[in-house]
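Okay, so here's the structure we're looking at.
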Amino acid sequence: MKEIHPQKQMLDLCLRLHQSNHAYYSGISEIDDFTYDKTKKELIELESKFPAQIQEDSPLIQVHAEPQSSFSSRVHRNPMLSLANVYSVDELREWETGLKKLLKNETPKYVCELKIDGLAISILYEKGILQAGVTRGDGIQGDEITPNLKTIAGLPLKLKKPLDLEVRGEVYLSKKHLLELNQRRLQAQEPEFKNPRNAAAGTLRMLDSNEVRRRKLDLFVYILTEGPVKERHSENLELMRDLLLPVNPETQSCNNIEEVIEFCNQWENHKDAFPYEIDGVVVKVDEIQLQKKLGFTAKSPRWATAVKFSAEQAVSILRSIEIGVGRSGVLTPVALVDPVELNGTLVSRATLHNYDQVGRLNLHLGDSITLEKGGEIIPKIVTRELSSQTSWQICPPQNCPVCDFPVFQAPGEIDWRCNNFDCPAQLNERLLHFVSRRAMDIDTVGPALIEQLTLKHKLCNPADLYKLQISDLEELERMGAKSAENVLKAIKESKNCSLVQFIHALGIPHVGEKTASVLARMHGSLQDLMECTPETLEGIDEIGPIIAESVVVFFDNQKNVKWISDLLEIGVQPRNPETSSNSGIPFFEGKVFVITGTLSEARDVWKDRLESVGAKVTGSVSSKTDYLLAGENAGAKLSKARTLGVQVMTEKQASEELS
Ligand code: IVH
């Protein structure tokens with residue numbers, strides 16, 4: 001019998017295993033489990049006999065991995081962003097309308113993909129050889145978990161062509177393997193994983209890749225970020241498939257939004273049939289050129305969205321109602337329910353928005369209700385399942401739960417309000433908003449300090465902050481001389497705020513930071529803004545009738561005018577936007593930037609560019625920093641920004657905002 005050279009035999013076995021792995025992930029079962037296991041066994045035997053001949057892309061390579069002591073972190077070459085969500089057909093159509101507006105009526109084609117419930121990963125190949133796998137981390141840098149990634153059978157260690165690539169995908173555990181893992185954990189008296197996402201995350205973080213291999217992670221790649229990128233995303237998927245990378249076979253190109261909707265509806269009805277958990281559909285613009293035109297927001301690409309038509313629901317019992325009092329007195333009922341699991345978290349509170357909603361749902365204490373988690377952080381009650389048969393109907397209170405003042409509902413308004421401008425709850429909310437980071441940014445004044453000072457009647461309005469003496473602070477609990485000094489210093493520094501910050505800090509209903517920036521730009525000074533009429537406001541593109549009315553009503557209230565003039569009198573001097581900032585961009589205006597790392601252009605170029613659109617560039621990261629512009633090899637400044645919660649921006653994102 002002719003003897004086959006072991007090296008050749010090993011090469012052949014590797015190829016067969018790679019091909020069948022690939023076929024498996026493409027939805028075609030090429031060989032049966034028995035043949036697959038036999039082939040794998042043969043390779044294991046040969047590799048242990050001839051370790052020097054092991055192929056660098058052997059699908060068994062993970063067997064030889066040594067446990068790691070820790071993971072090193074690695075900065076992503078392009079940020080790993082998240083996706084925005086839509087929750088209905090209407091929202092999906094609105095998303096497309098927005099795209100068309102930005103594309104000046106060019107209509108894109110789309111690709112629909114399943115949204116696999118797992119963990120995002122970036123995978124790097126050099127000359128076709130797998131180099132590294134990096135978790136998403138904070139989107140800017142993640143953990144390099146290469147040995148763990150190599151345990152995934154469907155991921156080729158060597159591509160069909162010697163290309164340099166960065167691909168992204170989702171690592172997940174199939175329903176079957178999650179069940180097996182949870183059974184083992186139960187036996188070992190360890191807590192079960194609630195969902196595949198937690199299981200995949202927990203597994204990828206394990207230091208012993210032999211245990212990782214036992215858990216049988218899987219992967220689908222869904223984007224080609226770097227490499228020989230084609231003109232269409234669908235062609236990139238095809239290219240990745242040709243290179244033997246695992247691309248989900250359920251992916252579909254759609255010519256228009258109607259076809260996208262059809263795909264989403266179809267998937268809804270079949271999601272239980274898949275061997276892995278799906279939490280929606282991802283819709284992507286197919287043309288790369290159009291993707292580039294659309295660009296990114298700070299958090300997600302504009303050219304893609306996740307579609308989640310049916311939000312997760314759970315049934316619970318409504319036990320009581322807590323009433324929140326906002327800074328303009330609006331009463332918000334919050335339902336307290338028996339704790340129930342929703343999307344892998346235990347939920348015991350649900351928003352009811354307002355009493356109109358309570359009436360519409362005809363809610364009674366003790367009712368069995370359905371909760372749903374949509375786009376909001378706090379879930380909402382969507383239906384009443386069963387009446388409790390009690391007579392405890394939920395009605396608006398007659399008096400404010402905090403100050404006992406009678407509540408009222410203005411004609412034409414849905415909200416019930418506490419009408420006491422000096423209500424402690426309103427004052428507390430007003431002060432918290434005033435000092436917050438995006439407003440006056442007085443970071444040494446937090447909720448505990450505000451509570452103590454209001455109780456002692458030292459703070460009756462925001463202007464009182466500037467009247468505080470060191471003795472007022474030193475007599476408070478846990479306040480040393482040094483801390484007291486720091487508090488006063490930060491309050492004093494805030495006197496030199498920008499007009500945008502100041503307008504935002506006033507807490508005018510419906511006026512967020514963006515609107516504050518528009519108002520500052522259009523009016524130029526606080527005095528001008530305070531004298532405006534609904535007509536002048538509505539003349540501004542970005543301002544609609546609701547905001548206009550709200551601004552005018554706010555400045556008509558003499559109590560508001562009083563604390564604003566107190567602030568000005570005491571030396572708060574909002575900086576009017578400079579005249580040159582006509583060319584400014586609202587996003588950058590007044591924002592404090594720090595630049596770090598290696599950028600594609602000199603730092604001075606970036607500095608000039610940012611300053612010319614209204615930003616301020618400083619040298620070191622502090623709580624005053626709004627954004628860190630980080631290039632490659634960003635070091636200490638990046639770590640500090642992360643510790644302080646300062647937003648990190650890449651060159652690409654900054655360019656998108658500038659364009
Ligand atoms: S594209 C730039 N495609 O969903 C954003 N993401 O909620 C690229 N995910 O972080 C993401 N399946 O972990 C994309 N087919 C798919 C996906 C997918 C699952 C995950 C991914 C992402 C998260 C956003």
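Whatever order the structure lists ligands and atoms in, that order sets their numbers, starting from 1.
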Does [X] pair with [Y] as a salt bridge, N-O distance under 4.0 Å?
{"X": "E106", "Y": "K100", "result": "no"}
{"X": "R74", "Y": "E144", "result": "yes"}
{"X": "E287", "Y": "K109", "result": "no"}
{"X": "R168", "Y": "E166", "result": "yes"}
{"X": "E96", "Y": "R93", "result": "no"}

Report, in ascending order of atom number, the atoms of ligand 1 lying under 4.0 Å from any heavy atom of L114.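 Under 4.0 Å from L114, ligand 1 has these atoms: 12 (N), 15 (N).
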
Report the nearest protein non-hydrogen atom to [atom]: residue, atom name, distance rounded to 0.1 Å.
{"atom": "atom 3 (N) of ligand 1", "answer": "K284 NZ, 3.0 Å"}
{"atom": "atom 23 (C) of ligand 1", "answer": "K115 NZ, 3.9 Å"}
{"atom": "atom 11 (C) of ligand 1", "answer": "Y222 CE1, 3.8 Å"}
{"atom": "atom 15 (N) of ligand 1", "answer": "E113 OE1, 2.8 Å"}
{"atom": "atom 19 (C) of ligand 1", "answer": "I116 O, 3.3 Å"}
{"atom": "atom 20 (C) of ligand 1", "answer": "E170 OE1, 3.3 Å"}
{"atom": "atom 2 (C) of ligand 1", "answer": "P301 CG, 3.5 Å"}

Indicate, with yes or no, if the rings of Y110 and F263 have centres closer together than 6.0 Å. no

With the threshold set at under 4.0 angstrom, would you say N85 reaches ligand 1 through any of its heavy atoms? no

Starting at NZ of K150, measure out to CD1 of I152 and round the result to the nearest 0.5 Å. 12.5 Å

Select one of side chain, backbone, both or neither to describe which atoms of L83 lie under 4.0 Å from any atom of ligand 1, heavy atoms only.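 Looking at L83 and ligand 1, atoms from backbone and side chain both fall under 4.0 Å.
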
